[in-house]
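Presented below is the structure to which this report refers.
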Number of protein chains: 2
Amino acid sequence: MHGKHASSFHENISKIRSLIVQAALVPGDRLPSERELAETLSISRASVREALRALSFLGIVETRHGGGTFLCEQDRHRYIEILSEFIVTKQTKATDIVEMLRLLERLAFSEVEPTPERVQALESNLEVDRLFRQQLVFGLKNELFIRIWSEVNRFYEGTDTGDLYTLEERTELLEMWRKVGMPE
Amino acid sequence: MHGKHASSFHENISKIRSLIVQAALVPGDRLPSERELAETLSISRASVREALRALSFLGIVETRHGGGTFLCEQDRHRYIEILSEFIVTKQTKATDIVEMLRLLERLAFSEVEPTPERVQALESNLEVDRLFRQQLVFGLKNELFIRIWSEVNRFYEGTDTGDLYTLEERTELLEMWRKVGMPE
DNA sequence: ATCTCTAAAGTGGTCAGACCAATTAAACAG
DNA sequence: CTGTTTAATTGGTCTGACCACTTTAGAGAT
């Protein structure tokens, strides 16, 4: 019944990755040409290209028009296990989400200058955890930072409805911030 | 007969993304078929597939064999879409990228415990800016953090080939870290 | 009419061959 | 040996076809 097509997308990626390891390629080396890979792996060139494009997106290989396909620098190559696994499985640990949020907010806390206006705004949002954290992060004028925080936070709120900090913690944070902003 | 090859990979992704927005598709909706997209966007189906595969890898769309291509639930991993949009459209301020990287790396610097092994690993990568920063960030075992940093860093390296820190700065960072790790 | 089941249409997945565009290596003239 | 030109190599795109899976519409039975 099944299967004249013995290849699948993920299998092809594995094949190429195995070939990279087996050939003992080092960063900077050139991979076999797409036509050569197609014949070696017994798959069509279109499939080879889709697999290479995926590897390119993962930062594992780099293609140069007319030049060839090259193995990226080693630091990117080390991401293979983490990134490919991450993307394929699409599973994120809830603890990673919480930790990421805490890290970003602590970063904002230490980077944003505690002007009286900001301290006042933060104090007025002391009661509501979500508003408090948002107010804190928005002190950073970095749009990229804010958007990343927003999306991570949205994901967090979609899975966990509890507060990230207790009222006591928020109060303590605010006090620390106020002291820094008002020396003496 | 043959077209003009007026399309490029990144342009095609933007086209499809624009089409998603223009059609006001919501998560769960089905996109037009690959053949239909090819005709609408005046590109070959192979190019449509490569673009869709990229969007699939980014967690934006999901393909079902025989069923169609669907817009993913945006609540999950939407941060990837944000990052991909930055990458594709390249409309992000370069200063935001650099600042974001510095913030994330400073975060790793302050959060990761400077064990002798880590200090040694960092020292061995002191010469190469890229490796140094990667080694620093990988101290955090948070996969989400690493993934986000990787995406931002990849975009940075795609636009700027210079070092993020000078050798002096890296040396200073390492020394500070070493002192913290080895209290008197 | 309604229900069930089957066949056709629709859609993603793969393949094959061709041509275009950019790079690289070889051939050539000086 | 050097610089230029030419041919071969390689990635990028296009076209059309067929396969595998899903959905749907229609025929047939109740």
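Residue numbers start from 1 in every chain, and the chains themselves are labelled A, B, ... in the order their sequence lines are given, proteins ahead of strands.
- Rounding to whole angstrom units, CG of residue A:Leu52 and P of D:dT10 are separated by 14 Å.
- Heavy-atom minimum distance, B:Asn125 versus B:Gln135: ND2-OE1, 3.1 Å.
- OP1 or OP2 of C:dG13 sits under 4.0 Å from a side-chain N or O of B:Thr63.
- In this structure, A:Leu41 places its CG atom 13 Å from P of C:dA16, rounding to the nearest Å.
- Here the side chain of B:Ser47 is nearest to one of C:dC15, C:dG12, D:dC14, namely D:dC14.
- In terms of heavy-atom proximity, A:Phe132 sits nearest to A:Leu126 at CE1-CD1, 3.8 Å.
- Closest approach to the B:Ser44 side chain among D:dT13, C:dG13, D:dG12 is made by D:dT13 (side chain taken as heavy atoms from C-beta onward).
- Residue A:Glu62 contributes atom CD, which lies 17 Å from atom P of D:dT10 at whole-angstrom precision.
- B:Glu39 has its CD atom 15 Å from the C1' atom of D:dC14, to the nearest Å.
- Put simply, CD on B:Glu36 is 7 Å from P on C:dT11, counting in whole angstrom units.
- In this structure, the CD1 atom of B:Ile16 is 14 Å from the C1' atom of C:dG12, given to the nearest Å.
- Not a single donor-acceptor pair, N or O on each side, falls under 3.5 Å between the base of C:dG12 and the side chain of B:Arg64.
- We find that CD of B:Glu34 is positioned 17 Å from P of D:dG16, with the value rounded to whole Å.
- B:Leu174 and B:Val112 fall within the same hydrophobic cluster, where Ile, Leu, Val, Met, Phe, Trp and Tyr residues are linked whenever their side-chain heavy atoms come under 4.5 Å apart, directly or through other members.
- Residue B:Arg35 places no side-chain atom within donor-acceptor reach of the base of D:dG16, judged by atom type and a 3.5 Å distance cut-off alone.
- In summary, of the residues considered (B:Ile43, B:Leu52, B:Thr69), a side chain to side chain contact (heavy atoms under 4.5 Å, CB included) with B:Ile16 occurs for B:Leu52 alone.
- Applying the 4.0 Å criterion to OP1 and OP2 of C:dG12, one finds that B:Thr69 has a side-chain N or O inside that range.
- With a 4.5 Å cut-off between side-chain heavy atoms of Ile, Leu, Val, Met, Phe, Trp and Tyr, the cluster of A:Val128 takes in A:Leu131.
- You won't find any donor-acceptor pair under 3.5 Å spanning the side chain of B:Arg49 and the base of C:dG12, going by distance alone.
- Residues that satisfy the side chain to side chain contact (heavy atoms under 4.5 Å, CB included) test with B:Ala46, not counting sequence neighbours, are B:Ser44.
- Of the candidates D:dT13, C:dC15, C:dG13, the closest approach to any side-chain atom of B:Arg45 belongs to C:dG13.
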Could I get a table of every N or O pair under 3.5 Å where one atom is in the protein and the other is in nucleotides 6-10 of chain C?
| residue | atom | partner | partner atom | Å |
| --- | --- | --- | --- | --- |
| C:dG10 | N2 | B:Gly66 | O | 3.2 |

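- Counting to the nearest Å, the C1' atom of C:dG13 and the CD atom of A:Glu50 are 8 Å from each other.
- Side chains of B:Trp149 and B:Glu105: a donor on one and an acceptor on the other come within 3.5 Å.
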